[in-house]
> 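Below is the structure I would like to discuss, written out as structure tokens.
Atom set for the values below is all heavy atoms of this structure, side chains included, hydrogens, waters and symmetry mates excluded.
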Amino acid sequence: MPQGQPIAVPDDGLTTRQRRNRPLLMVHTGDGKGKSTAAFGLALRGWNQGWSVGVFQFVKSAKWRLGEQTAFEQLPPGFGTIEWHKMGSGWSWSRKAGSEDDHALAAAEGWAEIKRRIAAEEHDLYLLDEFTYPINWGWVDLDDVLETLANRPGRQHVLITGRRADPRLVEAADLVTEMTKVKHPMDAGQKGQRGIEW
């Protein structure tokens, strides 16, 4: 295992072990492909460590079955657990199904459920997939999100994905990765394909 050397050691009174084991707030953002895919890889790594992982999808339609979800459901028992939840009302990028008020209510209810689980320390890792969108659309209050995540009890990691992460969320995060699109087949008019986009 590589032994990374920090650039600077903070004067926070913590031991190396205590600092290493702090729960992280992570953000995958940017216009490039791979934000959710990288997050699902982290979820798989957590499962292998025996963690309880909660995946909460906010924008992808409740009717879609992602390949990762199917694969996670086939994982053998004896390691961690992965729960998969669709936190919307069957809506997707186009937001065609139902009114905007319906979608806002579903997102707020989804966030309330996550807050309940965080307070109860139900998971070791929370993957809030496409969560930047309901924040940006004003369906979930950013101040509430930041306060809840800053004060979460125990050792609970949180990973948020989605484009255009709010600068305050980026500032609060411990780890931020921005996926930058250099080139994509959709730029040339090619639609998403099985095994690549889903």
> Does the side-chain contact (heavy atoms from CB on, under 4.5 Å) test come out yes or no for Thr161 and Thr29, once each step is laid out?
CA-CA 6 Å; Thr161 73; Thr29 193; over 6 Å; no
> Go through it in stages, so that I can follow the logic: the residues are Tyr126 and Ile118, the test is side-chain contact (heavy atoms from CB on, under 4.5 Å), and I'd like the CA-CA distance, side-chain angles, deciding distance and then a yes or no.
CA-CA 9 Å; Tyr126 296 78; Ile118 288 173; 3.7 Å; yes
> State, to 0.1 Å, how close Asp31 and Arg164 come at their nearest heavy-atom pair, and which atoms those are.
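Result for this residue pair: OD1-NH1, 3.7 Å.
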> What are the two closest heavy atoms between Gly110 and Phe58, and how far apart are they?
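Heavy atoms of Gly110 and Phe58 come nearest at C-CZ, 4.2 Å.
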> When you measure from the side chain of Gln156 to the backbone N and O of Leu125, does any donor-acceptor pair fall under 3.5 Å?
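Not at all, since once roles are kept as given, no pair shorter than 3.5 Å links the two residues.
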> Can you tell me how far apart CG (Asp129) and NE2 (His85) are? Round to the nearest 0.5 Å.
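Here the rounded value is 13.5 Å.
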> Any chance the side chains of Trp84 and Gln57 put a donor and an acceptor closer than 3.5 Å?
yes
> I need the Ile160 CD1 to Ile135 CD1 distance, nearest 0.5 Å.
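Rounded to the nearest 0.5 Å, the CD1-CD1 separation comes to 5.5 Å.
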> Using distance only, find each side-chain donor-acceptor pair of residues 175-183 under 3.5 Å and give its atom names and separation, not counting sequence neighbours.
| unit_1 | atom_1 | unit_2 | atom_2 | d |
| --- | --- | --- | --- | --- |
| Lys181 | NZ | Asp187 | OD1 | 2.8 |
| Lys181 | NZ | Asp187 | OD2 | 3.0 |

> Indicate the atoms forming the closest heavy-atom contact of Val27 with Ala165, along with that distance.
CG1-CB, 3.9 Å
> Please confirm whether Phe131 and Trp111 have ring centers closer than 6.0 angstrom.
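For Phe131 and Trp111, the ring centres are under 6.0 Å apart.
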> Search all heavy atoms of Ser36 against all heavy atoms of Glu130 and return the closest pair with its distance.
OG-OE2, 3.8 Å
> Does a side-chain heavy-atom distance below 4.5 Å link His184 with Gln190?
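In short, these two side chains do not touch, never coming nearer than 4.5 Å.
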> Does any non-hydrogen side-chain atom of His157 lie less than 4.5 Å from one of Met26?
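In contact.
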> Are Tyr133 and Leu105 connected in the hydrophobic side-chain network, where two residues link if heavy atoms are under 4.5 Å apart?
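As far as the 4.5 Å side-chain criterion goes, Leu105 and Tyr133 are not connected within one cluster.
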> Which pairs, with at least one residue in residues 143-153 and sequence neighbours excluded, count as a salt bridge (charged side-chain N to carboxylate O under 4.0 Å, His left out)?
Lys115-Asp144, Asp143-Arg168
> Return all side-chain donor-acceptor pairs below 3.5 angstrom for residues 42-54, not counting sequence neighbours, or 'none' if the list is empty.
| unit_1 | atom_1 | unit_2 | atom_2 | d |
| --- | --- | --- | --- | --- |
| Trp47 | NE1 | Gly80 | O | 3.0 |
| Ser52 | OG | Glu122 | O | 3.3 |
| Ser52 | OG | His123 | ND1 | 2.8 |

> In terms of heavy-atom contacts, does CZ of Arg116 have more than 12 from other residues, nucleotides or ligands at under 6.0 Å?
yes
> Can you tell me how far the CZ atom of Arg117 sits from the CZ atom of Phe56, to the nearest 0.5 Å?
4.5 Å
> Rounded at 0.5 Å granularity, tell me how far CG in Leu169 sits from CG in Leu149.
8.0 Å
> In sequence, state the C-alpha distance, the side-chain angles, and the governing distance for Leu159 and His28, and then conclude on side-chain contact (heavy atoms from CB on, under 4.5 Å).
CA-CA 8 Å; Leu159 172 52; His28 291 179; 3.7 Å; yes
> Determine, stepwise, if the pair Thr132 / Asp166 fulfils side-chain contact (heavy atoms from CB on, under 4.5 Å).
CA-CA 7 Å; Thr132 61; Asp166 188 280; over 6 Å; no
> Show the nearest heavy-atom pair for residues Ala107 and Pro134, with the distance to one decimal.
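Distance-wise, the nearest heavy atoms are CB-CB, 4.0 Å.
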